[in-house]
Amino acid sequence: MESRIKELQEKYWKGESTVSEEQELKAYFQENPSLSPESSYFRGLQKMQTPPKTSFQHPGKTSQKTRWYVAAAVTAGLLTTALVVQDARKQHDFTVDDPKEAFEITQKALLMVSSGLNEGKSYTTELSNINKAQTYLQLKQED
Amino acid sequence: MKKLFTLLVIVLVAGSATAQGQLVNSYFEKLAGDDTYTKVSVSSKMFSLFTELEAGSAAEEEFLKAVSKLKGLKIIVADSIGNAAEMYNKAITDISKAGYEELMSVLDAEENMRFSIKEKSGKIEELLMLVGGKKHFILLSLYGEIDLKNISKIGQAMKVEGLDKLSKISE
């Protein structure tokens with residue numbers, strides 16, 4: 001066996017070996033590892049040719065689908081940014097710049113909201129009074 | 001893939017940033033050229049300036065407490081329009097379509113009023129007030145962190161202050 005390996009090695013270094021003979025050499029050193037430089041050379045070759053367990057995609061070979069997703073995301077991102085900028089510009093037209101005026105407006109607006117909320121509350125109170133009256137009447141009738 | 005993820009995150013964040021006050025914004029856009037509607041917007045920067053003010057009275061104190069966590073105010077008002085009822089009904093449809101929850105409605109012979117809210121993890125982040133009368137229309141949006149208790153106290157404090165002044169006059 002060893003003479004065969006020697007013969008194959010000689011052929012390899014002369015550049016006369018066939019692919020199957022090279023495979024044989026690599027397989028041999030894989031199975032019989034030794035510290036010799038030839039052994040590590042052929043084992044190294046074998047390792048290089050074995051596909052790694054975790055495969056990765058070459059960046060140049062991005063699938064068509066992913067490309068579409070990226071394109072869609074970029075477009076959506078640009079559109080949103082454009083809309084936000086446009087929106088901010090439009091809003092700016094109505095924004096109050098004077099702090100005193102803004103304070104007065106906010107005060108009035110909050111007072112309006114507050115009285116609106118309280119108006120609703122007073123309706124609820126009236127309703128609960130009606131409920132109370134009804135319960136009272138019912139109790140009276142039972143007596 | 002990482003890049004794609006980052007892009008998606010950016011898109012989502014940008015989307016949520018525009019979400020607050022979105023409904024009123026769309027009305028701002030629609031009515032931009034119409035002068036019969038008064039449109040006012042108070043920015044979050046202004047609100048941050050208010051927090052530096054000192055309260056002079058109890059009413060002002062309640063007011064400052066209520067605005068301390070607010071981030072913006074937008075109002076659309078019209079005093080004399082022919083289609084106030086139509087605008088009110090359309091706004092109600094738009095509000096429910098935009099996912100707001102109804103808080104309270106007061107229907108009156110003179111005017112209708114509806115409060116709607118948008119909540120996020122148990123906190124009110126936007127309060128919409130819609131008023132529709134025979135000729136007037138109001139759409140108001142308050143956003144930020146809203147405490148209804150504090151807001152309703154403003155009105156009560158103002159009323160008390162008014163009564164105080166009245167009692168002083170009689171003296």
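In what follows, chains carry the letters A, B, and so on, assigned in the order in which the sequence lines appear, proteins first and then strands, with residues in each chain numbered from 1.
Shown here is Lys30(B), whose NZ atom has more than 12 heavy atoms of other residues, nucleotides or ligands within 6.0 Å. Counted within 6.0 Å of CD on Glu102(B), heavy atoms from surrounding residues, nucleotides or ligands total more than 12; the atom is thus considered enclosed. In the displayed structure, Glu61(B) atom CD is contacted under 6.0 Å by at most 12 heavy atoms of other residues, nucleotides or ligands. Within 6.0 Å of CG in Asn83(B) there are more than 12 heavy atoms belonging to other residues, nucleotides or ligands.
Between Thr106(A) and Leu70(B) the shortest side-chain heavy-atom distance does not fall below 4.5 Å. Within the 4.5 Å cutoff, the side chain of Leu111(A) has no heavy atoms near those of the Phe63(B) side chain. With a 4.5 Å cut-off on side-chain heavy atoms, Leu142(B) and Leu110(A) count as touching. You'll find the side chain of Lys153(B) stays beyond 4.5 Å of the side chain of Ser114(A), heavy atoms only.
Taking NZ from Lys149(B) and CG from Leu117(A), the interatomic distance works out to 13.5 Å, rounded to the nearest 0.5 Å. Residue Ile105(A) holds its CD1 atom at 9.5 Å from CE of Met46(B), rounded to the nearest 0.5 Å.
Using a 4.5 Å cut-off between heavy atoms, Ile75(B) contacts chain A through its side chain alone, with no backbone atom that close.
In the hydrophobic clustering of this structure, Leu49(B) groups with Val96(A); members are Ile, Leu, Val, Met, Phe, Trp, Tyr whose side-chain heavy atoms approach within less than 4.5 Å, directly or through other members. Put simply, Leu45(A) and Val19(A) are part of two different groups of oily side chains (I, L, V, M, F, W, Y) that touch within less than 4.5 Å, one to the next.
Among the candidates Leu140(B), Thr38(B), Val67(B), the residue making the largest number of heavy-atom pairs closer than 4.5 Å to chain A is Leu140(B).
Closest heavy-atom contact between Phe103(A) and Leu64(B): CE1-CD2, 4.2 Å.
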Tabulate below the donor-acceptor pairs under 3.5 Å that side-chain atoms of residues 127-135 of chain B make, not counting sequence neighbours, or state none.
none

